[in-house]
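Working notes for the structure below.
In what follows, every heavy atom counts, from backbone to side chain, and hydrogens, waters and symmetry copies are set aside.
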Amino acid sequence: MGTVPKQVGYVLFPNHTEALALYNRLKEAQIRCTLAPTPRTCSVCCGVSIRLEHPEDIPTVERWIQANGITIEQIVVL
């Protein structure tokens, strides 16, 4: 029996400026994330995304997005 791959969240952006703005805020808040290429299955954005190590952080990330006026395309879990 194979192991089930761990799910991660991706925040997709219309441009890299928005990605960097949110990335810096999330790092300040100590939310585990990395800048990453957008997965091919989600290639509807600028090519840069934020990979969230823990999908359960998504509600917190959504609050940071709203509080800081950051524009995103969508958040997906893969």
*Passes side chain to side chain contact (heavy atoms under 4.5 Å, CB included), Val77 versus Tyr10? Steps please.*
CA-CA 6 Å; Val77 177; Tyr10 287 90; over 6 Å; no
*Is there a side-chain contact between Ile70 and Phe13 (heavy atoms, below 4.5 Å)?*
yes
Using atom types as modelled, flag every donor-acceptor pair under 3.5 Å from a side chain in residues 17-27 to any protein atom, sequence neighbours excluded.
unit_1: Glu18; atom_1: OE1; unit_2: Thr71; atom_2: N; d: 2.8
unit_1: Asn24; atom_1: ND2; unit_2: Leu20; atom_2: O; d: 3.2
unit_1: Arg25; atom_1: NE; unit_2: Asn68; atom_2: OD1; d: 3.2
unit_1: Arg25; atom_1: NH1; unit_2: Ala21; atom_2: O; d: 3.3
unit_1: Lys27; atom_1: NZ; unit_2: Cys33; atom_2: O; d: 3.1

_Whether over 12 other heavy atoms sit under 6.0 Å from Glu56 CD_ = yes
*At what distance, to the nearest 0.5 angstrom, does CG of Leu78 lie from OG1 of Thr41?*
4.5 Å
*Could you state the interatomic distance from CZ (Arg32) to CZ (Arg51), rounded to the nearest 0.5 Å?*
9.5 Å
*Do Thr34 and Ile50 come within less than 4.5 Å of each other through their side chains, counting heavy atoms only?*
no
*Out of Thr38, Val76, Ile75, Ile72, which one pairs with Ser49 under the side chain to side chain contact (heavy atoms under 4.5 Å, CB included) rule?*
Thr38
*How many angstroms lie between CD in Gln74 and SG in Cys42, if you round to the nearest 0.5 Å?*
6.5 Å
